[in-house]
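Source: prediction; values computed, not measured. Residue numbers start from 1 in every chain, and the chains themselves are labelled A, B, ... in the order their sequence lines are given, proteins ahead of strands.
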2 protein chains.
Amino acid sequence: MAPYHLIYWPGLPGRGEHVRLVLEEAGAEYTDTAHTDDGIKEVLQHINAEVPDDGVNPPICAPPILRHGEVLINQTPNIILYLGTQLGLVPDPKDEPAGIYRVNELVLTALDGLSNEPHDCHHPIAIGEYYEDQKEESLRKSQDYVKNRLPKFLGYFERVLRSKSSGHGPWLYGGQLTVADLVLFQCLDGIKFMFRKAVKKLEKDGNYSKVFALHEAVKQRPNIKDYLESDRRQQYSNGIYRYYEELDIEG
Amino acid sequence: MAPYHLIYWPGLPGRGEHVRLVLEEAGAEYTDTAHTDDGIKEVLQHINAEVPDDGVNPPICAPPILRHGEVLINQTPNIILYLGTQLGLVPDPKDEPAGIYRVNELVLTALDGLSNEPHDCHHPIAIGEYYEDQKEESLRKSQDYVKNRLPKFLGYFERVLRSKSSGHGPWLYGGQLTVADLVLFQCLDGIKFMFRKAVKKLEKDGNYSKVFALHEAVKQRPNIKDYLESDRRQQYSNGIYRYYEELDIEG
C-alpha cells in the first residue's frame, strides 16, 4: 500500500499534530510537508480554487489534508477516523460494530472543547484579523474558558475515564489505546502550554487525576517518546495553542 | 432492528435537526424527545454526571444523542455518520471504501463554517452568558462572518458542486443524495433565517447558484417536503440560528 502523506502548514503543530501522532504511534511510513522544501506551496495548491481538482476527491477546504494513494481527504477528525481504521487504532468493526462511533465521539468532543475553543480564546471576533486587534475580547473569552469551559471538558473526560466502558488501564475506551487517547493527549499538551497557570491549579485540585495520568501514559509510549524527542515534532508557535502572558490566567 | 430514538432539547431545531432530516429522508421509524412529555428530563439525565452511565457506552457530554438498541452515541457528525451507514445515505463501502470519508469531510465542513460559526455570532465571548451581555462583540463577529466567512464557505461548496467528483445532478458527491446534502440544506436554511439580508444579496450575486439550488432540491424531496410541512419540524427560536434585527446586516 502507498505511504501516507500529510499536507499541512509547516512550522507549527496545529491540527496536523493529531495526524502525526496517530502515524507515529502506529509506526506508519509517512511524509510530511513540514519537512519538504516547498511544503507551503503544496498546501496552498490544494486550497486554491483556481487549481482544478482531481475529479475523484471533492475539492479541499482547509488543511490538514491526507493523501493515501488515490485518496485525498481533509478535516482532522475525518483523517483520524480513516487512519484509526487503517492502522488498527479503533475497535475492530468485526468484533464491535459500534466501537468506532464511541471512539469518534470522544475525538470530536476533545477537538471541540480542547482545541477549537482554545483557538477562539485568541481569535474570538475574527479569524482573519490579528490577535492584537481583539486583545480585550480575547481576555474575556479566556476568562470564561478557564473558569467554565476547561473544567467542564476535563470533568467530562475524567468521567469517561472512571466509567466502566473505559475498561482497565489508562485509556478512554475498551481498555485499549485508541486514536481518542492520542487526540486528547495533544489537546492537553497544548492547553498545558497555553494556560499553564490554570492547568497547574487544576492539577493540584486533584479532580482530574485520570485525565492528567492519560497525558503522561501517552507520553511514555515508546514510539511517541521517540517522536517527541525528535525534530519531527513541531514546536508551539502561532498556531492553535499560543502563549500570551496576559491570557495566562489562573481562573 | 430497534427503532431510533433522538434525545435532544425540545422546542428548537438546533443540532438535532440534522439527525431528524436524515431519519425523515430515509423514512426510518424513530421517536424524538421533542414530542414526549418529559423530553427535557430525559436529556438532562443523560448529561448529569451524578447519573451512572450504562457501562457499555461512554458517558455523554452533550446532546444530540441517538439511542439505537444498546448503542448510545452523541456528537452531531458522529450520529450522522452512523445513520448514513445504517440507512444507505453514504456511498456503500463495498463499492467505494473511501466514499464515507469524502462525504464525512463535507458534513464536518458544513457544520464548522455554517453552523458552529453562526452560533458564535451571537455568543462570541461566553456560551454560558446571555446574548445581551455580548451584543457589541456579536455585531463585530457577525460583520466579519457575513463579509468574509459566509462567502468563503458558500464559495467552497459551490466549488464542490461544480467539481467532477459531485457527479451529475444537484448533489455534493457521486451523483447521489447523501447525508452531506441534508446537512448542508439545514445549514443554509438556518442562515437564510438568521442573516436574511446578507443571503438575499449573495443569492443575487449569482456566484453560488448551485448551492442555493441544492437547498431547493432537498426541500422538494417527497419525504422532506412532508416533514417540513408537519408539526415534527421544530421552529427556529433561541438555538443556533436566531433572528436579531441588529445582526441582520447586508455585509
Does any heavy atom of chain A fall under 4.5 Å from the side chain of B:Y156, the backbone, both, or neither of them?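 Side chain of B:Y156 only, per the 4.5 Å heavy-atom cut-off to chain A.
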Atom group of B:L172 that falls short of 4.5 Å from chain A, counting heavy atoms: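 B:L172 has no heavy atom closer than 4.5 Å to chain A.
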Let's test your reading of the structure: which of A:P58, A:P124, A:G55, A:A126 forms the most heavy-atom pairs below 4.5 Å with chain B?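 When all of A:P58, A:P124, A:G55, A:A126 are compared, A:P58 has the most.
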Looking at A:V71, A:I73, A:N116, A:N148, which one has more heavy-atom pairs under 4.5 Å with chain B than the rest?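 Looking at each option in turn, the highest pair count goes to A:I73.
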Output the residues of residues 91-99 of chain A for which the shortest heavy-atom distance to chain B is under 4.5 Å, in residue-number order; output 'none' if no such residue exists.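 Result: A:A98.
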Can you name the residues of residues 163-170 of chain A that have some heavy atom under 4.5 Å away from a heavy atom in chain B?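 Residues in range: A:S163, A:K164, A:S165.
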What are the two closest heavy atoms between B:D144 and A:I127, and how far apart are they?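 Closest pair (atom of B:D144, atom of A:I127, distance): OD2-N, 4.1 Å.
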Region of A:R162 in contact with chain B, defined by heavy-atom distances below 4.5 Å: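 Neither part.
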Go through the atoms of A:D54 and report whether side chain, backbone, both or neither lie under 4.5 Å from a heavy atom of chain B.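 When you check distances to chain B, no heavy atom of A:D54 falls under 4.5 Å.
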Does any part of the side chain of B:F153, heavy atoms only, come nearer than 4.5 Å to the side chain of A:C61, both counted from C-beta?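 In contact.
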Verify, without hydrogens or angle tests, whether B:E105 (side chain) and A:Q75 (backbone) share a donor-acceptor contact under 3.5 angstrom.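 Judged by distance alone, no pair lies under 3.5 Å.
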Would you call B:E137 and A:R140 a salt bridge, using N to O less than 4.0 angstrom?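 Salt bridge flag = yes for A:R140 with B:E137.
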